[in-house]
Amino acid sequence: MTWNLKSRAHQATAIVVIATAVLVPGRELTAQDAARYVGTNSCAAANCHGGDGSGKTWTSSYSDWVQRDKHARSFTVLLGDRSRRIAKALGYAKPAHKSVACLNCHALPPTPAGTTGHHLQLASDGVSCEACHGPASLWITRHVRRDWPAVKAAVAISLGFYDTDDLRMRTRACTGCHVGGPGRDVNHDLIAAGHPRLHFEMSTYHANLPRHWNDAADAKRHAGQPAASDRSLRELKLWAVGQVETLRARAQLSVWRASSETAPWPELTETRCFACHHDLRDARWRRSVVTRSGRRPGQFPWAGWERSMIGAVSAIASTRPGDELSRALVRVDRVTRPVAPDRDGMRLEATALARRLETWSDALNRHSFTIDDLDAVGRQLVSGSPDQKGPGDWDQAAQLYLALSSLQVSQKQATGLVDERRRSIDRALERGLPRMRAVLQFPDGHDSAAQLRGGTAESDQPPVALQRFLEATRLIRSALTDNRGARR
Amino acid sequence: MIGNFRTVRPRALLAVLVLLGGSISESIAQDAVPSHRAVVGFTACLGCHGRNRQQPSADDLPLPSPSGDWILDNEVRTWAGKDKHHQAYAVLFSSRSIEMGRLMGIAAVHRDRRCLSCHTGYPQALMPAVKGQLVAESWHKNTDVSFGITCEGCHGPGGDLATAGGNRDGWFRLHLPPRNAKRPWRFLDPQVKFEQHGYVDVRTPSNKARLCGSCHIGDVAQGRLVTHEMYAAGHPPLPGFEIATFAAQMPAHWRAVHNKTDTKPENSRSEFLARTGDPFFKGDRYRLDSLHRTQAMLVGSLVSLAQSLEVTAALSGQGAGSVSWPELAQFECYACHHDLKVPAWRQRRVNPAGVPGRPVLREWTTVLASVALEQVKQRPEFDSQRKKMQAVLAATPFGRKSELSGIASSTALWLTARARQLESHPLSRAEGRRVLLAIAEAGAGGGLEYESSRQLVWACEVIYGELGRGDADELKALREAGHVLVFPQRPARGVGAGLFEPKRGPSKIVEIDLAKLLPPIGDYDPAEVTRAFGVLKRAVEAWPTESASPR
């Protein structure tokens with residue numbers, strides 16, 4: 001109907017409408033209002049987030065994302081050959097791009113309230129805005145108001161908004177898919193069918209994500225207590241919070257798998273890939289790695305990738321969790337001793353562990369990071385075990401490499417490398433890291449750590465590749481523990 | 001154990017032991033040792049079985065022996081000089097065994113029943129534990145323990161406490177020549193020999209395969225199980241078992257039946273075969289040119305599969321609180337233990353588990369069994385049984401425990417019956433050719449992993465050898481293509497200096513060189529062997545069908 005303000009009837013209606021809008025207070029949102037996905041069409045408007053890059057960063061967030069971010073292509077990948085083969089191998093009724101098991105990560109994820117985004121119109125955008133920022137139906141009109149940056153942290157939960165300014169929330173937006181959760185499970189069936197394995201590390205993945213936000217402002221917000229006011233310890237915080245949140249998500253995934261009617265149990269990805277996937281050689285070093293960990297030979301250790309760096313994160317003394325955390329981990333290890341762990345026991349212990357980790361990540365999130373924290377973590381990373389045998393498997397070695405890479409960036413951003421000690425540490429990392437990376441590379445045609453073959457029945461010396469890795473860490477250690485030339 | 005043995009009938013005792021053992025096969029009767037049996041000691045065997053100092057020559061012609069061409073009279077010497085079974089106990093003192101003990105928390109590996117159950121022939125029922133799983137240290141001094149798997153370890157304890165006259169009135173006394181004239185031992189039925197006197201039947205193919213398989217595959221009732229924990233601690237992997245190949249490798253310390261004499265009345269082979277109810281003799285069907293080794297191989301493959309399934313059934317059938325299942329050693333080693341390659345031959349073949357990446361039971365066990373079942377025209381039944389098993393295994397990783405035990409043991413029972421059926425049917429040369437074609441077809445189909453490929457190559461060696469075509473070109477080509485399937489061997493390293501080494505010259509005992517065996521397995525690709533089987537199939541198809549004998 002078109003307004004004709006010359007007509008009395010229309011005038012009256014207009015007065016009533018305006019009066020209602022002004023005088024009647026806005027309807028209160030209740031818990032029953034589940035947030036729904038609305039899609040990117042609105043976000044992508046040219047005068048909202050779909051700008052041409054000439055204004056502030058947020059005005060072209062969508063444009064930046066759609067052009068440069070791999071998440072924009074995550075749906076299209078489901079149309080490819082590999083996805084087709086995976087769906088066929090697993091006997092899916094529908095093709096990959098229509099299968100819920102794929103769409104839950106490759107498009108909009110299901111929310112705890114039960115919202116899904118499987119409809120093609122929503123899904124074809126891939127892992128789009130709402131996947132990380134939350135289903136928008138309840139906050140889309142609210143967030144355009146000027147006071148939004150000030151109130152969003154407070155109203156986030158009630159509106160279904162994921163406040164990704166908060167580093168813990170940011171990490172959870174990632175781990176939901178990159179580690180997994182209910183309905184989002186890259187399990188052994190999927191990997192054997194051809195899906196790449198998941199190995200998430202927050203600071204690395206974050207560094208690789210094209211920025212669709214003002215990164216300098218973000219770094220300043222999470223600066224902690226760096227060497228100078230224009231420096232930031234955000235990278236270290238991302239790493240630390242990321243490690244703990246990743247393990248927490250891992251524990252939650254175990255809880256879900258143990259409770260689910262549909263998830264296979266025992267689930268082979270509950271343990272480490274290369275615990276099984278190595279050639280059989282008469283290698284004593286592999287057997288000795290087992291005893292170092294206190295396990296019985298042939299036992300499946302729980303998780304691996306996600307728990308490698310927990311010791312290093314504990315070096316951040318002021319937030320270090322008490323004995324309860326290590327006891328919770330021991331209990332999870334005990335319940336996972338049999339190949340087919342008791343499901344109820346698993347659910348219990350993994351839930352308890354997840355709770356402890358939640359407390360820890362909260363403490364880390366609130367913590368104001370200092371240079372001392374940086375140094376403590378660095379020393380812990382390269383301290384190695386008493387017998388100097390180094391990381392026991394590829395996962396541990398890879399996490400160590402990523403942690404040291406992150407440390408290099410952290411140090412640069414926190415100190416600006418103004419003193420000689422910092423520069424010598426940076427030089428050592430510059431020399432050592434490529435060597436470590438070279439060791440970690442899978443040989444051509446392989447999808448597993450075949451470079452770790454070797455070793456004999458007589459000696460428990462690790463294979464040559466790991467020895468080279470160890471040498472590189474020693475190089476870095478001597479720089480990190482050398483205190484000459486230190487100046488704050 | 002069970003009160004007054006003298007009044008307990010052996011059969012009933014056996015039945016009780018079977019029930020206690022939990023094993024459900026009719027052939028299990030061969031293995032359980034009643035506690036009234038006693039070990040006589042292999043030194044007593046030396047008198048006759050060690051008096052011939054001559055060893056068979058390379059061309060394996062039977063030598064005349066002092067006792068009249070029935071036995072070889074040098075069995076103990078062959079065993080002591082060349083047989084690895086003699087070293088079985090000694091290896092428990094090697095650095096590998098000691099390290100295994102350290103990793104598994106075993107105080108003394110040479111005293112642990114879990115090791116001794118296979119590594120010595122002394123009956124476990126007669127060697128009780130004194131602390132946990134450990135037997136008394138003093139057992140080490142008993143030469144029937146420390147000399148590995150001695151005569152009575154396979155042939156059964158020769159003494160019997162339950163008979164009047166004390167320790168030696170079991171089969172040992174009965175089989176000695178002075179007794180023979182009154183009660184001819186040789187002509188007794190093998191079942192009677194076992195049930196009444198404890199003498200294990202090592203001649204009937206199914207019983208022989210089961211005896212060897214009880215260690216080489218496993219037997220839960222007798223405590224004979226190599227677990228995954230042991231493998232992870234350093235135990236050499238148990239290779240796929242094949243009775244004809246393994247028995248020849250020992251080396252064989254017996255005269256084959258067709259080489260036993262038929263001239264002297266007391267050694268009459270014909271009467272022996274008739275009186276002992278030999279299946280090959282029934283209805284006068286015994287033929288010297290039947291393919292006995294091939295038959296033994298096929299029967300053995302059925303028994304091996306049955307035994308493997310029995311272990312699975314026993315372990316998965318244990319109560320809810322038990323953590324014995326899944327026992328990873330029952331599953332295909334290399335299905336998990338391989339470095340992931342892209343592209344991969346495993347991803348090209350139809351997944352044997354039905355679901356990508358799910359564990360499968362040991363694959364080699366079914367390869368020859370499928371061929372054997374074609375001979376008794378039971379292949380379709382087997383395939384449908386296999387589908388059922390596969391469904392149970394595919395339902396959840398490692399199989400649905402509640403159903404697995406039932407279906408595994410019923411399949412094992414069925415297979416054992418088929419084995420008996422097959423061994424009463426002598427294999428003619430023409431049938432041998434058909435078996436060979438079936439084997440070649442299985443091989444040419446491709447997608448067979450390492451152990452399975454080896455089973456088929458061994459099978460070809462057995463059949464070609466028995467048909468007199470051991471130097472055929474296509475066989476040589478197969479050997480060439482499958483050269484990594486051969487056990488790389490080296491002389492056994494001495495463990496206890498002086499104790500186990502012969503006084504004259506270096507030991508002729510060989511052992512597998514694990515440093516050479518294991519690496520190629522990871523890189524194994526069946527493509528070349530598959531091609532060679534294709535060539536072999538075409539060659540066999542070209543043979544004249546009537547006789548299959550060489551021109």
Side-chain angles (χ1 to χ4, degrees), chain A residues 85-86 88-91 187-195 197 263-269 273-284 286-288 290-291 295-300 337-342 442-458 460, chain B residues 94-96 99-100 102-105 227-237 320-329 331 333-344 346-347 351 353-359 395-398 401 513-524:
Chain A
R85 272 197 307 244
I86 294 172
K88 181 156 173 265
L90 291 171
N187 59 19
H188 190 265
D189 289 351
L190 205 51
I191 297 175
H195 194 286
R197 101 172 240 208
W265 192 266
E267 172 47 51
L268 294 170
T269 52
C273 305
F274 308 134
C276 295
H277 286 303
H278 59 85
D279 281 5
L280 292 179
R281 304 229 167 184
D282 202 11
R284 246 182 92 166
R286 235 187 244 286
R287 301 197 269 272
S288 70
V290 169
T291 40
R295 288 197 304 275
R296 297 290 285 263
Q299 270 184 342
F300 288 178
R337 268 199 211 139
V339 171
D342 171 56
F442 295 154
D444 269 337
H446 281 86
D447 215 3
S448 68
Q451 69 274 32
L452 297 184
R453 289 178 181 177
T456 60
E458 287 78 36
D460 54 3
Chain B
S94 69
S95 58
R96 178 187 299 276
E99 207 215 330
M100 273 186 72
R102 191 177 58 83
L103 288 170
M104 291 179 64
T227 60
H228 180 258
E229 189 185 354
M230 294 174 184
Y231 286 135
H235 194 288
S322 143
V323 291
S324 302
W325 193 259
E327 174 43 66
L328 299 174
F331 292 87
C333 316
Y334 310 122
C336 295
H337 285 303
H338 62 275
D339 271 309
L340 305 171
K341 283 204 180 85
V342 180
R346 279 189 182 83
Q347 289 179 328
N351 191 294
V355 181
R358 293 279 176 94
T396 188
F398 302 105
K401 185 174 189 267
D513 190 346
L514 280 179
K516 293 211 181 85
L517 173 79
L518 293 173
I521 299 180
D523 294 326
Y524 180 71

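Values below: every heavy atom of this structure, side chains too, minus hydrogens, waters and symmetry copies.
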Within a strict 4.5 Å, meaning less than it, do heavy atoms of the [X] and [Y] side chains meet?
X	Y	answer
A:H277	B:H337	no
B:V355	A:D189	yes
A:F442	B:V342	no
A:E267	B:P397	no

Side chain, backbone, both or neither: which part of [X] has an atom under 4.5 Å from a heavy atom of chain A?
X	value
B:L103	both
B:E99	side chain
B:L517	neither
B:Y231	neither
B:R96	side chain

Contact winner vs chain A - [options], heavy-atom pairs under 4.5 Å:
options	result
B:G357, B:P359, B:G354, B:P237	B:G357
B:N351, B:T227, B:L340	B:L340
B:R346, B:M230, B:M104, B:R358	B:R358
B:G234, B:G522, B:P519	B:P519

Which heavy atom of [X] sits nearest a heavy atom of [Y], and at what distance?
X	Y	answer
B:P356	A:A193	CB-N, 4.0 Å
B:T396	A:W265	OG1-O, 2.9 Å
B:A233	A:P297	N-CB, 3.8 Å

Heavy-atom pairs under 4.5 Å with chain B, option from [options] with the top count:
options	answer
A:D444, A:L268, A:V339, A:T456	A:V339
A:S448, A:A457, A:A192, A:A449	A:S448
A:A275, A:G194, A:G298	A:G298
A:R286, A:H278, A:H446	A:H278

* **Under the side-chain contact (heavy atoms from CB on, under 4.5 Å) test, residues paired with B:A395 that sit two or more places apart** => B:R400
* Asked: Under the side-chain contact (heavy atoms from CB on, under 4.5 Å) test, which residues partner B:Q347, sequence neighbours left out?
  -> B:A344
* To do: Keeping the roles fixed (side chain from A:D279, backbone from B:D339), state whether a donor-acceptor pair exists under 3.5 Å.
  => yes
With a 4.5 angstrom heavy-atom cut-off, could you sort out which part of [X] is near chain B: side chain, backbone, both or neither?
X	answer
A:I191	neither
A:A283	neither
A:R453	side chain

